[in-house]
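Here is the naming used below: chain letters follow the sequence lines, and residue numbers restart at 1 for every chain. The figures here come from the full heavy-atom set of this structure, side chains too, leaving out hydrogens, waters and symmetry mates.
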Protein chains: 4
Amino acid sequence: MNSQAGVDGAASISRVQRKRGRRIQEILTTAAELFGERGYDAVSLDDVAERLDVTKGSLYYYFASKDELAVAAIETLGANWTARLERLADTQGGSACDRLRALIREHMAIAVGEYPAALRLFLAPSTWPDDPRARIKELRRRHDRVFRGIVEEGVAAGEFTVTTVETTLQCMHAAMAQAPLWTAGLDVPECDECLDELTHTLMKLVASPAEN
Amino acid sequence: MNSQAGVDGAASISRVQRKRGRRIQEILTTAAELFGERGYDAVSLDDVAERLDVTKGSLYYYFASKDELAVAAIETLGANWTARLERLADTQGGSACDRLRALIREHMAIAVGEYPAALRLFLAPSTWPDDPRARIKELRRRHDRVFRGIVEEGVAAGEFTVTTVETTLQCMHAAMAQAPLWTAGLDVPECDECLDELTHTLMKLVASPAEN
Amino acid sequence: MNSQAGVDGAASISRVQRKRGRRIQEILTTAAELFGERGYDAVSLDDVAERLDVTKGSLYYYFASKDELAVAAIETLGANWTARLERLADTQGGSACDRLRALIREHMAIAVGEYPAALRLFLAPSTWPDDPRARIKELRRRHDRVFRGIVEEGVAAGEFTVTTVETTLQCMHAAMAQAPLWTAGLDVPECDECLDELTHTLMKLVASPAEN
Amino acid sequence: MNSQAGVDGAASISRVQRKRGRRIQEILTTAAELFGERGYDAVSLDDVAERLDVTKGSLYYYFASKDELAVAAIETLGANWTARLERLADTQGGSACDRLRALIREHMAIAVGEYPAALRLFLAPSTWPDDPRARIKELRRRHDRVFRGIVEEGVAAGEFTVTTVETTLQCMHAAMAQAPLWTAGLDVPECDECLDELTHTLMKLVASPAEN
DNA sequence: GATGAATGAGTTTTCATTCAT
DNA sequence: GATGAATGAAAACTCATTCAT
C-alpha cells in the first residue's frame, strides 16, 4: 500500500509533467507555425495567444520572452526534422545517387507537409534577433551535415561530379527551402509531381556531364 | 531683365527639380539598403531618417507612407537592374549556353556588388505588406522573363536538357538570391571565384546528362 | 486505542498548528527582509516565493493579499522589537541619561543585527499602500513612546536640555533609521564601534550646552 | 537687411532651442515632483504625461526611457540645489557656527519650500534602478561636501566638538531629509518655527558639552 | 495544504503618421 | 522644403490575484 502510494505520487507527478509537456508542445507548434507563416517581427504574442485561445500572460508563464519562445519553437521543430533526416541517411543502403535523391525528396516532403512555413527560418536569418538566429544557424548546419556526407561519398565513389561540394550544397539548400512556396495551393497529386520534378532537377547538380 | 528673370526662374525651377530628384534618389537608395539588410518590419522610418541624417518628417514630405517609400525603393532598384539584364540578353550573341552563363554571372554580380542586400527582397515576400509585395512579385517576374527566354531557346535548340523549365528557373533564382549571403565578407578575388563556381554549378541545371 | 487515537489527533493537530505557525513565521521574516531591502513596490510575490522556495500560490494560502502579507510582516517584526525596547525601558534603573543611551544603542543593535533592512520601513512610508502604511505609523508611534518617556523624564529631572522634545525625537529617529545603511558591509567590531559613535553623537541632542 | 536676416535666422534657432529647453524643464519639474511624492516605482509615465497634459509618447520624444527621465529630473533638481548651497557656503563670512546654522536652515528651506518631496531621493536609494541611484549618490556626496567643509573648519577652530565628523554629518543629513515630512501641512509661520527648532536642535550635534 | 496554470489589468516602449511653423 | 513636436495604437512584458486539483 505504501509502495502503491509511492507509485501513485510518482505517477501523478509524471502525469502533471506530461501535461505540462503537452501544453508546451502545443504552444511551440503554434508558435512555429505562425513564425513560419509571417516571420518573427510580424507575429505578436497576442497572435500566438489568440490562436491558442489563451491570454498573452499565459505564454509568459512558460517562456520568459518572445525570443525564448522563438528559440524553443525552432529547436523543437528542428530536432524532429534533423533526427528523421539522419535516420534516413543512416539506415538506407544503395548508391549515393539513390540515397541523395531520397534525402532531397524526404527533406522537401517534411518541409511541405509538416512545416509548411518553416522555410522562413532558413531564409533571411538576419531578420531574427541574435539568439534565435544562432539556433537557426546551428539547425542549418546539422541539416547540411547530413547532405554533405552523402555528396562527399558520391564524389569519392565517382558517382557524382560537382564544381564544388560547397556551392552544390548551397544551391541545393536554397532551392529546397523554397519548395513550400512553390507547392503552396497545389493538391496532393500535383504537389507530389512538383516535388518529383524538383528532386529530379536538383539531382542534375551532381550529375556527370555529357561528353560533347 | 524680365526675360532674364524668366530664364532665371525656369533655370532655378529645373535646378530645384534636379536637386529634388537627387534627394529622392538618396532616400530610395538608403531605404533599399536598409530594407534589404533587415527586412520590412525591422526597419523603422527613424532608421532610414537617421542614416540619411534628416528627420522623419522630411521623409513624409517625399513619400506619403512607409509602404509608398518601400514600393518606390523596390521600383528604382528593380528598374535599373532589369534594364541591364534585358540589355545584356538582347545585345548578346552566341550560344544559349554562353548567354545564360553570362546572364547568371551578371545577375549575381549586380546583386553582390551594387545591391548587396537587395536580394532579401525576393526571399520571403510574405513579410511585406500587400502593395510592396505586389511590386516585388512583378519585379521577380520581369527578371524571370529574361532568364526564361534564354532557357526556352536553349531547350528548343537542343543545347539544354531540363526536367522542366519551371523548376529549373525556380532553383536557379533561389540559389542566385542567396549569393550575397554566401559572398559576404569575402574580398574581391575570392568573391569572383565564388561567383564563378556558383555560375558553373547552376549551369549544370541545364546540362545534358552523361550517357551511362 | 481510541484514546490513543484521540491523543494522537490532538497532538497532531497541535503539531500541525505549530508547523503552520513556523511556516508563517518563515514567510513573514522573508517578506520583511525583502520589503526592507527594496521597498513595497519593488518586491513581487514571486520574489518572496522564490526566496522561500515555494510557489506564489502557497503565499495566498496564508495571506489574502500582498497588502495583508506586508501588514503581517511589519506587525511581527514590530511586535518583538517594541516589546524588547519597552522591557528595556521598564526594567532598567539608573539616570535618564544612562537609560536613553542604552535604549538608543539597543534600538540600533536590533535593527542592524536582526532586521538589517527593516528600518527602510520607517523612511518613506508614503510609498506604501494605505493599510500597511497605517501599521507602520502605529509601530513608529509605539517606538516613539518609549523614547519620549525617557526624554521627558530626563528633561523634567534637569538632566537633559532640549530645544523641543518633539524635534529631538524626530532627529533621533531619523538618524537611527539610517544606522543599518551606514554599517552595511562592516565587520562586527567595526560595526560596534560605529554604533557607539552614533550613540554618542545622538546623546549630544539632549546634552546641556557649554557655558561660554 | 541681409545681416538682419542672418540675425533672424540665429534668433529663430535660439527661440526654438529656448522653447525646447523650457519644455524639457517643465517635464523635469513635473517628473521630479511626482517621483518625490511617490517614489520611482509608484509613478508611471502615464502619471507624468497626464499631469503635463500630453501623451506618454511625447515623453519618449524627449527621453529615451523612464530611467533616463528620472536621472535627468534628479540632475536638474540637484544642480540648482547644490549650487545655491555652495554659493551660500562660499560667500558667507562669520563664525563656523553661524555659517553652519545658516547652511542647515537654507538646506531645509529649499527642501521644504521648493522640492517638498525631494527627500525621497535621499532616503532609501535602493528602491531606485542602478543608473538613477548612482546620480543620487553623487548628488548626496556634493551636498555632503559643503557641510563637511564647514564642520571640519569649526572643529579645527575649536568652535565645534564632535564625536566624529562622519557620524555628525550622517545624523545631520538624516534629520534634514525628513524635514519636509515633519512640516507637511503646517502654514508658513508654523513651518518657519519648526525649521528654526530643528536647526537649533541639529546645532547641538556640534556643540561643546557642558562641564559637569 | 500546496501547486501549477491561467488571467487581465497595467506598465514600459516603439513607431507610423500628422501637423503647425 | 524641412523640422520639431505630438499623437495614438499596438507591442512586449509584469504581476497581483484566482482557481481547479
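Comparing the axis of the opening five pairs of the helix from E/dA2-F/dT21 to E/dT21-F/dA2 with that of the closing five pairs yields an angle of 10°, rounded to 10°.
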Output one line per pair: protein atom, nucleotide atom from nucleotides 19-21 of chain F, and distance, for all N/O pairs under 3.5 Å.
none

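Under the rule for a ring-ring contact (aromatic ring centres under 6.0 Å, His included), the partners of B/Tyr115 that lie at least two apart in sequence or sit in another chain are B/Trp81. For B/Ser44, the side-chain hydrogen bond (donor to acceptor under 3.5 Å, both in side chains) partners two or more places apart in sequence, or in a different chain, are B/Asp47. Residues passing the side-chain hydrogen bond (donor to acceptor under 3.5 Å, both in side chains) test with A/Asp130 are A/Arg133, sequence neighbours excluded.
Contact annotation: D/Tyr62 side-chain N/O to F/dA6 OP1/OP2 distance is under 4.0 Å. OP1 and OP2 of F/dA5 both lie 4.0 Å or more from every side-chain N or O belonging to D/Arg23. Within the 4.0 Å cut-off from OP1 or OP2 of F/dG4, not a single side-chain nitrogen or oxygen of D/Arg20 is found.
Note that C/Lys66 lies in the cation-pi zone of C/Tyr40, set by a 6.0 Å cut-off to the ring centre and a 45° limit from the axis.
With rounding to whole Å, B/Lys66 atom NZ is found 19 Å from F/dA9 atom P.
Interface residues of residues 46-55 of chain C facing DNA chain E, ordered by number: C/Val54, C/Thr55; criterion, heavy-atom separation under 4.0 Å.
Mapping C/Val43 and A/Asp41 onto DNA chain F via the closest heavy atom, the residue that lands nearer the 5' end is A/Asp41.
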